[in-house]
Every structure is written in C-alpha cells, then in structure tokens.
Amino acid sequence: MTRLIAEQVLMIPEKIKEFDRELIEKTGCSLKELASEASGIGSAPPKPAAHPVAVIPVTAGQGTIKGFSEALHAIAAYLGFPAFITAAPDVSGLVEAYQSDATIALMADDHLYAAINLKTRRATGNDEATAKGFTTALQKMAGGLKGKAVLVIGLGPLGTAAAQALLQEGADLILYDLLREKEAALLKSCATAEQQRITTGLTLEQALARTHLIFDASPGEAFIPAAMLPTGAIISAPGLPLGLDPTAAQKFTDHLIHEPLQIGTAVMLFQALI
Ligand SMILES: NC(=O)c1ccc[n+]([C@@H]2O[C@H](COP(=O)([O-])OP(=O)(O)OC[C@H]3O[C@@H](n4cnc5c(N)ncnc54)[C@H](O)[C@@H]3O)[C@@H](O)[C@H]2O)c1
C-alpha cells in the first residue's frame with residue numbers, strides 16, 4: 001500500500017459536494033449510488049443514519065497523515081452516516097468506538113485501511129473496495145464492460161483486485177506491469193476459462209492500440225502521454241499519482257475518474273453493512 005500524503009486529502013471535506021457533482025456528470029451516479037451498487041448491497045440498502053461510524057486515528061508506524069481522519073469523517077457524513085473521530089487514537093480509540101455504540105470502525109495503518117463492523121464482525125479492506133468502486137465507475141462511463149477489452153496497468157494488490165472485479169463484470173483483460181512476471185503470475189492464478197479472456201506480454205503502446213478502456217492501478221506518474229491514448233479513451237485511475245501526463249489528463253478530463261479516497265471509502269462503508 002502506498003502511503004497517502006496530506007496534500008492528497010486535505011481538501012476532501014471542502015470539495016466533497018463538487019466531487020459528487022463531477023462523478024454524477026461522468027458516470028450518471030452519485031457517490032452513494034455508485035458505492036451501493038459496487039458493494040453488492042442490493043436494491044434495499046441499510047439506512048446509513050442507523051449506523052454510527054467511528055474514525056479512529058492510528059499513530060503506529062509512520063503515524064497519522066494530516067487531514068486523513070477528517071477526510072474519512074467527511075466522506076462518511078456525506079453518505080448519511082452519523083460519523084465522529086474518536087478523541088483518543090489507537091486502542092483507546094477502539095474502546096471509545098465500542099463504548100459509543102458505533103456500528104463501523106474506520107482505521108488505517110501503514111499496511112491496511114479497513115472498515116470493521118463492530119456488531120457483525122465483518123471486515124472490509126480498501127483494495128477490494130477501491131477495485132470494485134472504480135470498476136463500477138468504468139462500467140458506467142463505458143456503458144457496460146461485457147465482452148469489451150480493458151487494459152489494467154499495475155498489478156499490485158489493487159490491480160489484482162481490479163482484474164478480478166473486471167472479469168466478474170465480463171470484461172476481457174489486457175494486463176500490463178513494469179515487472180512483466182506479474183502479468184504471468186496473475187494469468188496463472190485465474191481459472192482456465194478466464195485465462196482465455198486475458199492477454200499479456202504487450203508493450204504499453206501495443207496495449208493502448210487495442211482498447212480505449214483503461215484501469216490505471218499503478219503508482220507511476222505522468223508516464224502516459226496524450227499521444228499514446230486512443231480516441232475516446234475512458235480511464236478509471238485510482239493509482240496515485242496519476243499515470244496520465246497533465247496534457248492527457250486535461251484532454252480526457254470528461255472521461256477520467258481519479259481521486260485518492262472517496263470511492264474506496266464509500267464502498268467499504270456499504271460493504272461493511274452487508
Ligand atoms: N484511489 C484510491 O482510493 C486508492 C486505493 C488504494 C490504492 N491506491 C493507489 O493505487 C496504486 C496501487 O496500489 P498497490 O497497493 O497495488 O501498489 P503496489 O506498489 O503494491 O503495486 C503497484 C504495481 O504497479 C507496478 N507499476 C509501477 N509503476 C508502473 C508503471 N509505470 N507501469 C506499469 N506498472 C507499474 C508495480 O510493478 C507494481 O506491480 C498506488 O499508487 C496506491 O497509492 C489508490
């Protein structure tokens with residue numbers, strides 16, 4: 001897991017409404033609708049208002065990130081959860097969450113960002129939730145993914161979870177990682193029927209010539225120039241920082257979803273309620 005930095009999260013509370021407006025413009029779905037669908041919660045989601053969320057700051061490892069707890073609080077509150085940041089961090093914060101009768105605890109250290117339902121004991125992780133949320137966003141922007149080829153760039157935990165979510169949506173996959181052995185390893189881990197829907201071993205240029213649908217789950221920065229992107233490219237890009245260079249990001253802005261925390265957190269919260 002790559003650690004977030006303060007600059008990536010500080011503006012989330014102030015800009016969450018604007019973010020949601022843009023998400024609706026691009027996908028036709030609000031954050032709440034997207035997260036509800038991506039979580040698989042079904043047509044009758046539990047009411048967030050009945051489920052207090054405790055955001056617990058964690059000081060272990062490299063410590064808290066400035067603005068991180070406030071960003072999680074803002075996202076949960078925006079979705080309608082009664083949310084609060086515990087006064088104490090770490091174990092004391094967890095005790096506080098239980099004593100306050102919170103339904104969900106949200107917390108992250110340097111290795112894992114998780115939502116834990118304190119009543120049902122269901123735990124959800126950020127990689128799977130982010131993969132599902134950004135896959136749903138790509139599906140909405142593309143008008144469906146069944147039988148369409150999607151290029152997945154970066155095959156760490158997030159890209160691997162995205163590949164699985166995309167296969168479930170019926171997409172064919174082109175896998176690309178700087179470490180080429182990761183493409184082969186992911187291919188090998190898939191069932192035989194799925195392997196037939198996966199292409200590996202292409203250069204980035206070759207891959208981008210074969211599809212306009214892109215899932216960027218890499219931490220590479222500005223390595224995709226506008227000239228390399230096909231006409232009509234649609235990009236779901238949770239990878240931080242953005243893989244598109246500034247010109248490409250500007251050119252494809254209407255068909256680009258890229259943000260550091262909102263979609264993954266929203267999906268985690270709904271998944272925790274299932
Ligand atoms: N937006 C969100 O909500 C969200 C959530 C989780 C993770 N992330 C971000 O997603 C990215 C991936 O997370 P992860 O935990 O899987 O990371 P990771 O570092 O474990 O894996 C990244 C993979 O990308 C590959 N890679 C790096 N640069 C590349 C490039 N230029 N082209 C192709 N492949 C490249 C690496 O070889 C590696 O296999 C990180 O930047 C992380 O911060 C964002």
Side-chain angles (χ1 to χ4, degrees), residues 1-9 11-12 15-16 19 22-23 31 34-35 38-39 62 65 67-68 71-72 74-76 106-115 124-138 150-166 173-187 189 200-208 214-225 228-229 235-245 248-249 256-271:
M1 185 172 87
T2 315
R3 191 176 152 87
L4 287 168
I5 54 172
E7 290 67 37
Q8 291 166 328
V9 298
M11 296 304 284
I12 287 177
K15 300 225 161 176
I16 189 130
F19 166 77
E22 280 178 17
L23 190 67
L31 181 61
L34 189 83
S39 68
Q62 294 180 59
I65 298 163
F68 183 73
L72 301 193
I75 297 163
L106 269 185
M107 49 189 168
D109 62 13
D110 296 343
H111 308 285
L112 181 66
Y113 170 29
T124 65
N126 181 249
D127 285 329
E128 193 208 321
T130 302
K132 293 240 184 209
F134 277 80
T135 292
T136 303
L138 187 66
V150 178
L151 167 61
V152 183
I153 304 174
L155 304 176
L158 178 60
T160 300
Q164 282 151 5
L166 288 159
L173 301 186
I174 302 169
L175 304 180
Y176 176 76
D177 195 292
L178 281 183
L179 300 175
R180 307 314 301 258
E181 64 271 21
K182 288 205 166 187
E183 298 170 21
L186 182 47
L187 180 69
S189 73
T200 60
L202 301 179
T203 64
L204 186 57
E205 287 88 337
Q206 288 168 338
L208 286 166
I214 299 150
F215 194 111
D216 180 11
S218 83
E221 181 170 13
F223 63 97
I224 309 174
M228 210 192 265
L229 287 168
I235 307 117
S236 210
L240 299 166
L242 183 60
L244 271 58
D245 76 8
L256 166 67
I257 301 282
H258 175 67
E259 55 76 24
L261 207 53
Q262 296 90 316
I263 291 176
T265 299
V267 177
M268 285 165 76
L269 287 169
F270 280 108
Q271 282 180 333

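Order of listing sets the numbers, starting from 1, for every ligand and every atom in it.
Atom numbering of ligand 1 starts at 1 in the shown order; those under 4.0 Å from a heavy atom of Leu179 are 37 (O). Near Lys182, meaning under 4.0 Å from one of its heavy atoms, ligand 1 places the atoms 38 (C), 39 (O).
The side chain to side chain donor-acceptor pair (under 3.5 Å) test with Tyr113 singles out one residue from Thr130, Asp127, Thr265, Asn126, and that residue is Thr265.
At least one side-chain heavy atom of Leu106 sits under 4.5 Å from a side-chain heavy atom of Leu269. Between Leu261 and Phe68 there is a side-chain heavy-atom pair separated by less than 4.5 Å.
The closest non-hydrogen atom to atom 18 (P) of ligand 1, taken over Ala129, Ala237, Pro157, comes from Pro157. Taking only non-hydrogen atoms, the option from Thr160, Thr130, Leu178 nearest to atom 34 (N) of ligand 1 is Leu178.
Here Pro238 has heavy atoms under 4.0 Å from ligand 1 in both its backbone and its side chain. Residue contacts with ligand 1, taken as heavy atom pairs separated by less than 4.0 Å, involve Ile153 solely via side-chain atoms from C-beta onward.
Side-chain atoms of Ser236 come within 3.5 Å of backbone N or O of Phe134 as a donor-acceptor pair.
At least one heavy atom of Pro219 sits closer than 4.0 Å to an atom of ligand 1. Taking 4.0 Å as the cut-off, Glu259 counts as a neighbour of ligand 1 on heavy-atom distance.
Every side chain to side chain donor-acceptor pair (under 3.5 Å) that Ser218 has, sequence neighbours left out, goes to Asp216.
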N/O donor to acceptor pairs below 3.5 angstrom from side-chain atoms of residues 151-164, sequence neighbours left out:
| from | atom 1 | to | atom 2 | distance (Å) |
| --- | --- | --- | --- | --- |
| Thr160 | OG1 | Leu155 | O | 3.3 |
| Thr160 | OG1 | Gly156 | O | 2.8 |

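Geometrically, ligand 1 and Phe223 share no nitrogen or oxygen pair separated by less than 3.5 Å.
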> Between Ile214 and Leu208, does a side chain to side chain contact (heavy atoms under 4.5 Å, CB included) hold up when you go through it step by step?
Replying inline: CA-CA 8 Å; Ile214 299 150; Leu208 286 166; 3.5 Å; yes

